[in-house]
Amino acid sequence: TGTKTQSTPTYWWVDLGQENHVGEVGIFKRKGYEARIINSKVFLVNDNSPNFINGLGDNTHNLCGEITTNNQIENINCGGKSGRYVVIQNSQGRQWELCEVEVYQMNYECKADLNELCVHWAQLEPSECKVNPGYMLESCSSACKEYTRCPDSPYIKA
């Protein structure tokens, strides 16, 4: 996929079909075009229509990161931010081409516990995992799921 040179910002976006917690976006650049996409930004957008492109300056998006290297492959860490659309924007209107973009969803079942007391709370009767799932399942997922070991990557392909 690619864009043409223009005086306004250039964009590429994909609709994930529903809001997802994105762990990482893998960007595979076309050989010979690596430098053209430098300083482009990767956003997650929650808006429910493709018209969000005009509103990247407001609060309908989360910035995941910026493409900063000439490397042919670049991974942008979104850290579990949520969004339905993944958008790559180049504000300088440069032409650029990509071979592939891979979006990886957070695997909360294998995300490390965010609090050292998670095991204690998960073992209470009744378990806090059931009483307070909104916090516990995201913040104490290892304790709630009783996982002892996670795969090497905390991400699954969206």
Side-chain angles (χ1 to χ4, degrees), residues 1-115 118 133-145 147 149-158:
T1 188
T3 67
K4 61 182 182 177
T5 303
Q6 57 191 47
S7 59
T8 58
T10 50
Y11 301 92
W12 176 91
W13 59 275
V14 64
D15 182 351
L16 301 176
Q18 65 183 22
E19 189 172 323
N20 285 279
H21 291 277
V22 176
E24 189 172 88
V25 176
I27 300 169
F28 298 78
K29 305 168 196 169
R30 180 177 172 190
K31 191 171 183 150
Y33 284 76
E34 298 91 347
R36 292 184 183 185
I37 197 167
I38 285 183
N39 300 325
S40 295
K41 294 181 178 172
V42 178
F43 294 97
L44 292 173
V45 181
N46 294 318
D47 196 336
N48 61 2
S49 76
N51 295 328
F52 61 78
I53 293 294
N54 298 325
L56 283 177
D58 62 27
N59 292 326
T60 63
H61 66 275
N62 289 305
L63 175 64
C64 286
E66 191 167 336
I67 299 169
T68 58
T69 72
N70 281 333
N71 297 340
Q72 201 163 357
I73 300 171
E74 188 142 1
N75 294 312
I76 304 295
N77 183 345
C78 293
K81 291 179 180 175
S82 65
R84 175 176 171 170
Y85 301 92
V86 175
V87 181
I88 301 173
Q89 173 200 27
N90 183 285
S91 61
Q92 298 168 349
R94 285 194 212 124
Q95 175 188 2
W96 43 273
E97 295 190 22
L98 302 173
C99 291
E100 185 173 347
V101 176
E102 294 181 352
V103 179
Y104 292 91
Q105 184 178 4
M106 284 298 295
N107 185 351
Y108 280 110
E109 293 180 351
C110 290
K111 188 173 124 185
D113 289 341
L114 298 179
N115 190 301
C118 284
Y135 173 80
M136 290 292 289
L137 293 182
E138 283 196 23
S139 302
C140 298
S141 61
S142 289
C144 288
K145 301 280 184 183
Y147 279 98
R149 185 180 169 289
C150 289
D152 292 337
S153 173
Y155 310 127
I156 54 177
K157 199 167 188 179

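- When all heavy atoms of Val25 and Cys78 are compared, the closest pair comes out as CG2-SG, 3.9 Å.
- Taking CG of Asn90 as the start and CD of Glu66 as the end, the distance is 9.5 Å to the nearest 0.5 Å.
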Go through Trp96 and Ser40 one step at a time and tell me if the side chain to side chain donor-acceptor pair (under 3.5 Å) criterion holds.
-> CA-CA 10 Å; Trp96 43 273; Ser40 295; 4.7 Å; no

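- Although no hydrogens or angles enter the test, the distance criterion places a donor-acceptor pair under 3.5 Å between the side chain of Lys81 and the main chain of Leu63.
- Arg30 and Gln72 get closest at one heavy-atom pair: C-NE2, 4.4 Å.
- Here the CD1-CD1 distance, from Ile88 to Ile76, works out to 8.5 Å after rounding to the nearest 0.5 Å.
- In this structure, CD1 in Ile27 is found 11.5 Å from CD1 in Ile73, a value given to the nearest 0.5 Å.
- For the residue pair Leu44 and Ser82, the shortest heavy atom distance occurs at CB-O, 3.8 Å.
- Summarising the geometry, atom CG belonging to Asp15 is positioned 4.0 Å from atom CZ belonging to Arg84; distances are rounded to the nearest 0.5 Å.
- We find the OH-CG distance between Tyr85 and Leu16 to be 9.5 Å, quoted to the nearest 0.5 Å.
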Side chain to side chain contact (heavy atoms under 4.5 Å, CB included) between Val103 and Asn20, worked out | CA-CA 10 Å; Val103 179; Asn20 285 279; over 6 Å; no

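- In this structure, the separation between CD1 on Ile37 and OG1 on Thr69 is 10.5 Å, given to the nearest 0.5 Å.
- The nearest pair of heavy atoms linking Lys29 to Ile67 is NZ-CG2, 3.6 Å.
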Verdict with reasoning, Glu102 to Phe28, per side chain to side chain contact (heavy atoms under 4.5 Å, CB included) | CA-CA 8 Å; Glu102 294 181 352; Phe28 298 78; 3.8 Å; yes

